[in-house]
Amino acid sequence: MSIRKAVLPVAGWGTRFLPATKAMPKEMLPIIDKPIIQFIVEEFIDAGIENLIFVTGKHKKSIENHFDVNESLEKHLTESGKDDLLYQIRRISHMVNPIYVRQKEQLGLGHAVLTAEAAVGNEPFVVALGDIILENGEGHIRNMIDMFSRFGGSVIALFEVEPETVSKYGVAVVKEKENGVFKIEDVVEKPSPEEAPSNLAIVGRYVFTPSIFDTLKSTKPGKGGEVQLTDAIKLLLEREEVYAYKVDGKVYDTGTPIDYLKTVVEFALRREDVSEELTGFIQSVFSKQNL
Ligand code: UTP
């Protein structure tokens with residue numbers, strides 16, 4: 001069965017980013033001049049998935065507006081002859097075929113995915129967290145979908161983290177099934193470094209069979225009183241084979257101020273229009289501090 005739909009849960013409070021996220025979604029924070037969520041949407045468009053189901057909340061209207069047509073802005077850009085910007089703005093609004101589903105209470109990532117059930121229906125689908133950008137994201141989505149087509153089971157993306165940082169993530173135990181193909185044997189949500197069964201962290205990209213909805217329905221609130229997607233995956237492991245996909249490129253977390261800052265600096269240093277001036281600026285800040 002082919003994969004046609006992706007779910008993007010973007011309804012969280014973003015408490016680690018308050019007060020910035022009081023009235024603004026953290027997924028709309030810019031990496032220089034492009035909102036985080038647009039990077040993730042572009043991953044899907046480039047991977048050929050246009051049916052995107054956003055799980056949103058009350059203070060997330062700007063995400064809907066971002067992917068909608070803005071006629072007065074288009075008129076302004078046309079009249080002022082800013083054709084490049086006009087092209088970009090139009091492209092964003094024609095990019096996706098969005099469905100917006102409301103998560104009425106922020107009961108956790110697992111609950112957010114379950115909220116999308118009616119929109120997904122009885123078919124496999126992809127999930128991408130709205131605050132993690134992957135280098136070569138489109139390639140990873142394609143590879144995960146290929147794995148799903150080959151093995152017919154859910155596929156979860158993992159990456160290796162420093163052992164002392166495991167408590168930020170869901171962590172997986174994997175076992176080789178055949179040459180280079182790994183199955184997931186167990187998952188644990190945010191373990192302490194002492195308890196962690198491995199340093200393979202769940203990175204926020206998943207391909208799920210629709211069985212995940214059944215296991216989410218049986219999942220009781222876990223850490224933080226939230227319905228954890230990791231706990232539902234644990235139940236899924238009892239019913240079906242679940243495969244591990246190892247992400248070998250860079251992973252950009254944007255969910256906390258420091259991770260966000262690092263991501264912005266790294267992207268800026270790679271961008272031709274700003275990197276030279278920024279490098280000079282950073283060097284001058286350091287040399288002044290050393291005086
Ligand atoms: P996070 O845990 O990183 O987001 O969830 P959060 O809850 O907004 O952040 P903090 O912990 O309060 O700072 C990962 C993704 O899942 C979404 C978030 O919007 C984010 O994109 N999410 C989380 C939901 O859609 N609903 C929820 O109930 C929780």
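Remember, it's 1-based here, ligands and their atoms both numbered in the order they're listed.
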Q: Return yes when E226 approaches ligand 1 closer than 4.0 angstrom through a heavy atom, no otherwise.
A: no

Q. Is it true that E27 lies under 4.0 Å from ligand 1, counting heavy atoms only?
A.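 Distance cut 4.0 Å: E27 passes for ligand 1.
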
(Q) Does E162, at its CD atom, have more than 12 non-hydrogen atoms belonging to other residues, nucleotides or ligands within less than 6.0 Å? (A) no

Quick one: do the [X] and [Y] side chains pair a donor with an acceptor below 3.5 Å?
X    : Y    : answer
Y252 : E135 : no
T56  : Q103 : no
S62  : N65  : no

Tell me whether [X] has any N or O atom under 3.5 angstrom from an N or O of ligand 1.
X    : result
L129 : no
T15  : yes
G14  : yes
K60  : no
P9   : yes
G108 : yes

Q: Please answer: with hydrophobic residues joined when any side-chain heavy atoms are less than 4.5 Å apart, are V274 and I36 in the same cluster?
A: no

Would you mind listing which atoms of ligand 1 come within a distance below 4.0 Å of any non-hydrogen atom of [X]?
X    : answer
G130 : 21 (O)
W13  : 8 (O)
A112 : 24 (C), 25 (O), 26 (N)

Can you tell me which residue and heavy atom of the protein come closest to [atom], and the distance to 0.1 Å?
atom                    : result
atom 5 (O) of ligand 1  : D131 OD2, 4.5 Å
atom 2 (O) of ligand 1  : R16 NH2, 3.9 Å
atom 22 (N) of ligand 1 : G12 N, 3.5 Å
atom 16 (O) of ligand 1 : L109 CD1, 3.6 Å
atom 9 (O) of ligand 1  : K26 NZ, 3.3 Å
atom 26 (N) of ligand 1 : Q103 OE1, 2.7 Å
atom 25 (O) of ligand 1 : A11 N, 2.8 Å

Q) Do K34 and F39 meet the cation-pi criteria used here (NZ or CZ under 6.0 Å from the six-membered ring centre, within 45° of the axis)? A) yes

Q. Is atom 11 (O) of ligand 1 in close reach of the protein, with a heavy atom under 4.0 Å away?
A.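 When distances to the protein are checked, atom 11 (O) of ligand 1 has a heavy atom within 4.0 Å.
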
Minimum heavy-atom separation for [X] and [Y], please, with both atom names.
X    : Y    : value
V247 : V203 : CG2-CG1, 3.9 Å
V265 : L278 : O-CD2, 4.5 Å
G255 : D131 : CA-OD2, 4.0 Å

(Q) Tell me the contacting part of L107 for ligand 1: side chain, backbone, both, or neither, using a 4.0 Å heavy-atom threshold, strictly below. (A)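 Backbone only.
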
(Q) Just to verify, what does K217 make a side chain to side chain contact (heavy atoms under 4.5 Å, CB included) with, not counting sequence neighbours? (A) L114, E117, D214

(Q) Applying side-chain hydrogen bond (donor to acceptor under 3.5 Å, both in side chains), can you list everything that pairs with T21, at least two apart in sequence or on another chain? (A)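 Not a single residue meets the side-chain hydrogen bond (donor to acceptor under 3.5 Å, both in side chains) criterion with T21.
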
Q. Where the side chain of E50 meets the backbone of M95, is there a donor-acceptor pair that is under 3.5 Å apart?
A.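 No, E50 side chain to M95 backbone: no donor-acceptor pair under 3.5 Å.
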
